[in-house]
Enquirer: 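If you scroll down you'll find the structure; I have some questions about it.
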Amino acid sequence: MLKISADKLNSLFDAVSAKQSLYIPVDRESGSAEYRKYKSGMEMSKCLNTVRSAKDFFFPQTENLADFKMNGKNIEVIDVREECEDFVIFGVRACDARSFTILDKVFLAEPVDSYYKNRREHGTVVTMACTRPAETCFCTAFDIDPTSPEGDVAVFSDGESYFFKPNNDKGQAFIDSIADMLEDGDTAELAQVQSNTRKIMQMLPLANLSTDSFGGEKLMEHFNSEKWANLSESCIGCGTCTFVCPTCQCYDIRDFDTGNGIKRFRCWDSCMYSDFTKMAHGNPRNTQLERFRQRFMHKLVYFPANNNGEFGCVGCGRCLAKCPVSMNIVKVMKALEEK
Amino acid sequence: MQRIGVFVCHCGTNIAATVDVKAVAEALSHEPGVVISQDYQYMCSESGQDLVKNAIKENNLTGVVICSCSPRMHENTFRKAAASVGLNPYLVEIANIREQCSWIHKDIASATEKAIILGKAAVAKVHLNTPLTAGESPVVKRALVIGGGIAGIQTALDIAEAGFDVDIVEKEPTIGGKMAQIDKTFPTLDCAACILTPKMVEAAQNEHITIHSFSEVTDVKGFVGNFTVTVKKKARFVDETKCTGCGLCTEKCPMKKVPNEFNMGLDNRTAVYIPFAQAVPKVATIDPNYCLMLKNGKCGVCSKVCSAGAIDYKQTDKFIEQKYGAIVVATGFNPIKPDKYDEFAYSYCPDVVTSLELERLMNAAGPNGGTLLRPSDKTHPHTIVFVQCVGSRCDDEKGKPYCSKICCMYTAKHAMLIREKYPDTEVYVFYIDVRTPGKNFDEFYRRAVEQYNVHYIKGMVGKVSPKADGKIDVQASDLLSNEQLHINADMVVLATAIEPDKTARPLATMLTTQMDTNDFFTEAHPKLRPVESATAGIFLSGACQGPKDIPETVAQASAAAAKAIGLLCKNSITCNPCVAHSDELMCNGCSSCEKVCPYGAITYQDKEFRMPDRTTAIRRVASVNPAVCQGCGACTVACPSGAMDLNGFSNSQIMAEVDAICK
Amino acid sequence: MNKNQKDWIDITSGVNVRKCMRCGKCSATCPSYDEMEYHPHQFVYMVEKGDIEPLLNSESLYKCLTCFACVERCPRGVEPAKVIEAVRLTAVRQQGNNHLIPDRIPEMLDDDLPQQAIVTAFRKYTK
Amino acid sequence: MQVNENFEPVIVAFCCNWCSYAGADLSGTNRLNYPANVKIIRVPCSCRVNPIFILRAFQRGADGVIICGCHPGDCHYTSGNYFTRRRITLLYSMLDFLGIERNRTRLEWVSAAEGAKFADTMNKFVEDVKKLGKNRRLEDLRCRKQ
Amino acid sequence: MQEAMIKRAKELLADGTVNRVIGWKRGEFVYDSTPAVFGTADEIDAEFVFDDFTQANVSKYLVKESKKDGKILAFLKPCDTYSFNQLVKEHRIIRENVYVIGIPGGPKLDIEKIKAKGITGILNVKNVNYTLEIETLYGTEKLPFYEAISGKCADCKSKKHVVYDELIGEDGDVLDSNRFDMVEKLENMTAQERYDFWRGELSKCIRCNACRNVCPACTCENCVFDNPKSGIENKAAADSFEENMFHIIRAFHVAGRCTDCGECSRVCPQHIPLHLLNRKFIKDINSLYGEYQAGADTTSKSPLTDYRADDCEPSIVHERGVE
């Protein structure tokens with residue numbers, strides 16, 4: 001496998017960012033990490049994951065869709081779409097990499113979301129295999145192997161070097177573009193690292209979390225469960241879980257009157273919000289119980305029902321860490337499992 | 001879809017000279033919703049108004065924008081014009097392009113640009129205007145006067161004269177107030193009782209006036225035109241309807257050592273008493289703190305001698321509830337007690353008296369039958385010192401920061417009366433300033449000095465020391481001769497400050513009216529609305545609003561009556577429709593709005609609501625009484641959820657104006 | 001007018017002399033009145049005018065017993081005794097002028113002098 | 001600071017109906033000039049001005065916002081401007097805390113008789129805002145004029 | 001403490017004083033307790049937890065809970081009692097329906113602080129003489145207790161319970177905290193520095209509304225930012241202005257009502273120091289209009305619904321500090 005020694009990683013970043021935008025996870029002062037556009041000298045974060053997921057690159061929180069201009073009493077529609085420039089996201093974890101597959105099922109299915117597609121086509125996802133999973137990780141429950149991530153290119157580290165493995169043509173092209181900086185490497189040490197990580201994965205507190213009792217066929221059983229009342233009781237109805245979630249894909253479309261024209265934009269929405277699904281007649285989901293149930297039913301039942309059994313969760317653990325009241329999908333799954 | 005008409009006025013050349021009115025009309029014609037945009041020489045003229053009216057009719061307009069002078073000039077004119085052709089008057093907006101544009105700018109280009117922007121803001125606002133209808137609220141044709149002094153009596157008589165029923169609530173057993181205690185009045189020196197008591201009788205006999213003596217207001221609900229007031233009639237243990245006022249009980253009552261309030265405690269009365277001979281109602285009252293029967297169940301003399309059978313030891317407080325359209329506050333004043341001023345020896349020297357005490361000492365119905373004698377040894381005083389500004393104009397917690405206004409004049413009166421009746425008496429008046437603004441006031445004061453030879457000394461008394469020989473050493477400064485004086489006096493009279501009655505503050509709370517830091521009621525406007533409180537339907541009469549002499553009090557009493565009559569004449573009150581209203585679905589009942597409402601227009605109700613989850617819930621929500629709300633909008637900002645909004649100046653309307661201006 | 005001196009007296013006394021309404025109650029109440037060339041109300045008035053030099057040169061400074069009767073009775077809270085004290089301090093601090101020297105106090109004592117005055121004097125001049 | 005002579009700020013003035021709006025009228029009646037940049041919005045009382053309106057103005061392109069009300073103690077509604085004074089003092093202090101230039105905001109008391117004061121106040125305010133230049137710290141880029 | 005609370009809760013359930021208990025429920029890990037209502041002694045025995053990580057302020061839940069049938073037992077830390085009182089004052093909580101037991105407050109631990117030290121795979125945290133022994137998948141780590149205490153506890157304003165029906169443990173005092181230090185530090189910066197500081201912070205905002213939804217002062221039926229009729233509704237900050245707008249208006253709406261409980265900063269997933277905005281208002285109110293602590297009582301007038309004729313003029317903002 002081609003590799004680069006760890007001390008040369010930044011020169012690789014310099015080379016990549018000279019040709020296209022490069023985003024890497026960077027530590028913030030407060031200890032957490034976020035993706036930033038690479039500038040020379042930036043250190044890649046050693047954190048397991050960023051607070052916000054990598055979905056932002058393809059599905060940003062707000063996005064201008066179109067403009068309307070009023071000319072006297074006439075309205076002109078202006079398409080604001082521009083061809084997206086090529087960019088690379090480096091250091092995406094296996095969970096976030098899987099989330100793109102899930103988002104693709106939503107946005108690239110007919111009718112194709114051209115805004116999403118535009119970004120997806122121009123983005124190269126370089127993933128990074130995990131070596132130090134956290135107690136909140138449960139990606140294995142969704143058949144994700146964090147030691148061998150998906151993405152266009154997978155990168156592995158044995159501590160000394162970074163190894164590059166292409167997962168598809170786009171990945172191969174990326175490796176080709178940097179081939180002159182890479183050298184052949186011995187992957188023996190790497191295998192050892194991978195097997196160590198797999199052992200740790202089995203020791204994780206959530207290692208035994210099972211999805212067996214979920215899926216499309218469990219609809220009525222779970223929908224009518226009496227446990228929702230108790231589970232949703234503590235939910236404060238904020239959108240933290242949805243906004244840090246790599247797979248949540250709901251959005252709202254709004255018109256903003258700037259005073260000299262209308263900007264139509266979309267922005268993330270959260271099924272936890274009281275005005276989600278509010279329509280002219282009112283709102284079919286009026287209580288936090290219904291909204292709370294919706295979020296988890298969607299991830300664990302409705303989504304697999306429509307997508308060949310694939311769940312709408314990748315086990316990244318962000319919602320476990322960030323929920324203000326520590327109510328999360330794991331607690332929901334465990335509660336619903338109990339008979 | 002809105003159909004808005006824009007009308008740009010030239011105002012002769014007032015506007016047209018600096019604003020290109022044609023350009024304004026042209027520019028505004030392109031605004032959304034505008035279907036007609038015209039300019040005219042004088043829009044406020046009859047033909048100009050006709051232009052607007054015809055345009056409304058012909059184009060079926062839903063909103064009108066007039067670009068003209070200040071809305072303070074002609075808003076009403078154009079609203080009336082719109083209303084005359086069936087357009088709700090509140091769908092008219094004015095863009096002020098004269099006072100706030102053409103008159104202040106010289107450059108035609110920038111003035112025109114600004115006029116267009118102001119016009120656009122008005123168009124943006126009128127898009128969001130809603131038809132408003134002035135609500136009506138019925139007026140109960142009855143007035144309540146709180147306080148039965150000269151102010152209350154005068155107000156009640158004037159209102160009754162106009163044919164409306166009036167109730168007087170007086171906390172003492174008789175009406176009459178402070179004036180009844182006064183001997184003579186300045187500057188005419190006529191007898192106070194001679195001019196007051198006929199008015200008291202007139203009030204008692206007037207078919208429109210009901211007097212609730214020995215009563216207090218305990219609760220006020222409601223709002224202008226429709227107050228509900230609870231009055232407590234305190235038990236007087238005498239049936240008012242039976243008592244003939246013969247006074248036999250007061251003669252026979254064995255308990256004769258009760259300090260007589262009417263004579264300022266300078267003599268005694270009986271436990272069952274009639275405050276004074278001309279009391280109205282002339283009904284006896286039993287003082288439960290002294291009556292032997294009520295205290296220990298042994299006596300019953302009054303009951304035995306009363307041929308009318310009016311004595312009722314079992315009587316209890318009674319509460320009566322009555323509706324009123326208007327309330328007049330006439331709670332009056334009291335002189336302060338100067339006992340905190342050790343240097344004046346008031347609390348331990350009986351010959352140091354207050355001016356009101358002197359009134360009683362000199363009064364024919366007073367403790368000495370009208371002969372001025374020293375309280376201590378009943379001898380005739382030969383040297384009397386008057387001390388001015390006792391407790392007035394003070395910067396400390398003992399006194400009052402204000403001038404009590406009446407002391408200079410009544411002291412001149414006292415000095416003059418004493419000099420006239422007892423020419424052998426030397427009278428000294430120590431003053432800081434002599435304040436005599438008033439008709440014939442300064443002349444009166446000068447007469448005291450020039451004709452009656454009263455010694456006016458500029459300076460203050462520093463110490464009053466009673467001496468062993470019964471004389472009083474008065475140590476004072478004479479600032480003009482720059483020396484310290486010692487006067488060997490027989491009596492010292494303190495012109496004490498006056499303060500609002502103690503009942504005023506709790507009453508103000510009940511009435512939701514405002515008070516200043518001295519507990520005087522605050523008038524709605526110090527110049528233009530001096531007899532109205534800021535709370536609609538509550539009027540102020542007499543010294544409860546500030547220190548006043550009798551003529552001023554009577555003048556204000558009649559003014560308050562006129563205002564009350566003006567209200568009572570109406571069958572209903574047209575309310576300002578630009579008032580606040582609360583969206584009950586949004587209100588969370590936190591009470592922030594209520595706390596900032598200067599009018600007490602906001603109340604809370606527990607209301608049942610159908611909740612989104614199809615259950616019903618009882619929620620506490622605010623509601624605004626449109627008859628009371630004056631439309632300031634303080635509540636709209638206090639409300640964090642935006643449940644409160646203001647008609648005519650709604651959040652969305654103001655934001656639309658902001659947007660249009662910043663565009 | 002010596003503005004600095006006036007400001008200094010305003011600051012050291014902490015008194016706002018403009019609050020005085022010229023009622024003269026301070027002088028009316030003053031036990032040392034007859035001893036004084038300038039009386040309490042004059043102190044206040046003259047300080048307000050900035051006419052301080054005559055006060056500094058007057059024996060009246062030392063006649064004030066600091067009994068605080070004027071402070072107690074002033075209806076406006078002007079505190080004349082503090083003004084006098086501040087003027088006195090001004091004089092005391094002008095070394096070599098006419099202020100009293102502590103050593104000379106014992107010889108000035110006589111039986112008629114109130115006890116309070118002695119105590120006050122010691123307090124004032126032993127600084 | 002450099003003053004851009006060509007910069008014409010957008011100034012929103014909220015004036016209470018009873019004092020300041022009348023004061024503004026009076027400055028017109030007396031032909032006292034002040035810059036055309038100032039556009040007045042009439043409100044019943046200064047206490048009607050919601051902080052949201054002020055932010056909204058900045059969002060939409062205002063460079064300065066001034067509120068004018070009756071002098072404390074003279075409020076037509078007796079207490080409205082006292083509430084205004086507290087609210088707006090705190091709001092302005094908060095804007096200052098967030099690093100928004102303090103001279104972009106002002107609260108002044110102008111009575112119905114103070115036509116001259118109104119004009120002076122506006123002249124001074126416009127001058128101050130001109131020194132600051134365009135509002136960049138509290139604008140909404142989407143609303144910027146193209 | 002936990003045992004004493006459980007014992008008392010069961011007693012009060014048993015004697016019928018209350019029919020529910022609000023407290024905290026044990027989570028998946030050592031640190032992730034969730035506020036919860038318990039209906040039976042068995043539930044309490046099984047899941048009730050109170051330890052160094054139970055930080056959440058449960059008073060806001062009582063807005064709804066106090067309107068249900070029967071009385072609920074609430075365990076309130078000192079800071080929570082201020083929120084509770086303020087909500088009672090605003091008629092949001094029906095006081096009679098809540099039985100309040102005052103319990104000792106922090107300092108509580110913040111797991112995010114531990115994680116920020118690079119410690120991951122946390123399986124257990126033990127407090128041994130104020131040194132945290134943190135058992136992880138990658139070995140045991142040690143950390144001084146005070147390096148991991150929650151931001152809201154570090155600036156604790158009061159250990160006093162301003163309302164309670166009974167106390168477990170002792171009542172404390174109002175503290176002399178340094179909670180305004182950071183506000184002051186910012187005030188002493190230049191306007192440009194302050195602007196840069198806040199841009200840096202507020203640009204992180206993802207408008208998840210956690211700060212608002214957890215805030216005990218934010219109990220509007222419908223927030224202006226959720227209400228299309230308000231004209232300022234927005235779901236996401238599409239522009240830096242909207243970030244400013246949301247946080248300025250939110251802080252303004254709770255000004256004079258915010259008890260400084262610190263929940264907003266605790267729950268912010270992006271660690272924005274939102275409490276500084278509220279503290280700025282509190283500091284201004286204290287210095288301009290007299291000391292005021294929201295929630296300290298249920299009768300006083302909030303400084304924004306009150307005034308004095310001699311209040312300072314707004315020009316004070318222009319005159320003080322650094323431009």
Enquirer: Report the residues that fulfil side chain to side chain donor-acceptor pair (under 3.5 Å) with D/Asp63, sequence neighbours left out, ordered by chain and then residue number.
Expert: D/Lys134
Enquirer: How long is the gap from CD on B/Glu93 to CZ on D/Arg42, to the nearest 0.5 Å?
Expert: 7.0 Å
Enquirer: Compare every heavy atom of D/Ala36 with every heavy atom of B/Lys114, then report the nearest pair and how far apart it is.
Expert: CD-O, 3.4 Å
Enquirer: Mark yes when over 12 heavy atoms from residues, nucleotides or ligands other than B/Glu532 sit less than 6.0 Å from its CD; otherwise mark no.
Expert: yes
Enquirer: Could you state the interatomic distance from CD1 (D/Ile41) to CD1 (B/Ile661), rounded to the nearest 0.5 Å?
Expert: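 If I round to the nearest 0.5 Å, the distance is 4.0 Å.
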Enquirer: Please output the residues of residues 118-128 of chain D in contact with chain B, using a heavy-atom cutoff of under 4.5 Å, in numerical order.
Expert: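 Within residues 118-128 of chain D, near chain B: nothing under 4.5 Å.
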Enquirer: For the atom pair CG (B/Asp107) and CG (D/Asn33), what is the distance rounded to the nearest 0.5 Å?
Expert: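 The CG atom of B/Asp107 sits 11.0 Å away from the CG atom of D/Asn33.
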Enquirer: Out of B/Ser110, B/Ser102, B/Pro71, which one racks up the most heavy-atom pairs below 4.5 Å with chain D?
Expert: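 Among B/Ser110, B/Ser102, B/Pro71, the one with the most close pairs to chain D is B/Pro71.
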Enquirer: Considering only heavy atoms and a distance below 4.5 Å, find which of D/Ala22, D/Ser46, D/Cys143 pairs most often with chain B.
Expert: D/Ala22
Enquirer: Heavy-atom cut-off 4.5 Å, strictly under: side chain, backbone, both or neither for D/Val65 against chain B?
Expert: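 Neither the backbone nor the side chain of D/Val65 comes within 4.5 Å of chain B.
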Enquirer: Please rank D/Val12, D/Leu26, D/Thr29 by heavy-atom pairs under 4.5 Å with chain B and give me the top one.
Expert: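 If we count pairs closer than 4.5 Å to chain B, D/Thr29 comes out on top.
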Enquirer: Please rank B/Arg529, B/Met73, B/Lys663 by heavy-atom pairs under 4.5 Å with chain D and give me the top one.
Expert: B/Lys663
Enquirer: Just wondering, do B/Gln100 and D/Val38 contact through their side chains at under 4.5 Å, heavy atoms?
Expert: no
Enquirer: Pick one of side chain, backbone, both or neither for D/Phe53, based on which atoms fall under 4.5 Å of a heavy atom in chain B.
Expert: both
Enquirer: Identify the two heavy atoms, one from B/Tyr599 and one from D/His76, that lie closest to each other, and give their separation to 0.1 Å.
Expert: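 Closest heavy-atom pair between B/Tyr599 and D/His76: OH-O, 4.1 Å.
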Enquirer: Is it the backbone or the side chain of D/Ile52 that comes under 4.5 Å from a heavy atom of chain B, or both, or neither?
Expert: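 For D/Ile52, the side chain is the part near chain B, not the backbone.
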Enquirer: Are B/Glu99 and D/Ile40 side-chain neighbours, meaning at least one heavy-atom pair lies under 4.5 Å?
Expert: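 B/Glu99 does not reach D/Ile40 side chain to side chain.
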Enquirer: Measure distances from B/Lys125 to the heavy atoms of chain D and classify the residue's part below 4.5 Å as side chain, backbone, both or neither.
Expert: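 Neither; nothing under 4.5 Å.
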Enquirer: Apply side-chain contact (heavy atoms from CB on, under 4.5 Å) to the pair B/Val658 and D/Phe14, showing each step before the final yes or no.
Expert: CA-CA 10 Å; B/Val658 168; D/Phe14 292 98; 3.8 Å; yes
Enquirer: Would you give the length of the straight line joining atom CG of D/Asp140 to atom SG of B/Cys662, rounded to the nearest 0.5 angstrom?
Expert: 12.0 Å
Enquirer: Examine whether an atom of D/Asn17 lies under 4.5 Å from a heavy atom of chain B, and if so say whether it belongs to the side chain, the backbone or both; otherwise answer neither.
Expert: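 Both parts, backbone and side chain.
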Enquirer: Taking C-beta and beyond as the side chain, do D/Asp25 and B/Trp103 meet within less than 4.5 Å on heavy atoms?
Expert: no
Enquirer: Quick one: salt bridge (Lys or Arg N to Asp or Glu O under 4.0 Å) pairs with a partner in residues 51-62 of chain D, sequence neighbours left out?
Expert: B/Asp659-D/Arg56, B/Asp659-D/Arg60
Enquirer: Let me check something: any side-chain donor-acceptor pairs from residues 627-644 of chain B under 3.5 Å, sequence neighbours excluded? List them with distances.
Expert:
from	atom 1	to	atom 2	distance (Å)
B/Gln630	NE2	B/Val628	O	3.2
B/Thr636	OG1	B/Gly633	O	2.5
B/Thr636	OG1	D/Arg48	NH1	3.0

Enquirer: Please say whether more than 12 non-hydrogen atoms of neighbouring residues, nucleotides or ligands are located less than 6.0 Å from NZ in D/Lys117.
Expert: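 Yes, the 6.0 Å shell around NZ holds more than 12 heavy atoms from other groups.
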Enquirer: Between chain B and each of D/Gly61, D/Cys47, D/Ser27, D/Ala24, count heavy-atom pairs under 4.5 Å; write down the option with the most.
Expert: D/Cys47
Enquirer: With a 4.5 angstrom heavy-atom cut-off, is it the side chain or the backbone of D/Val10 that approaches chain B, or both, or neither?
Expert: side chain
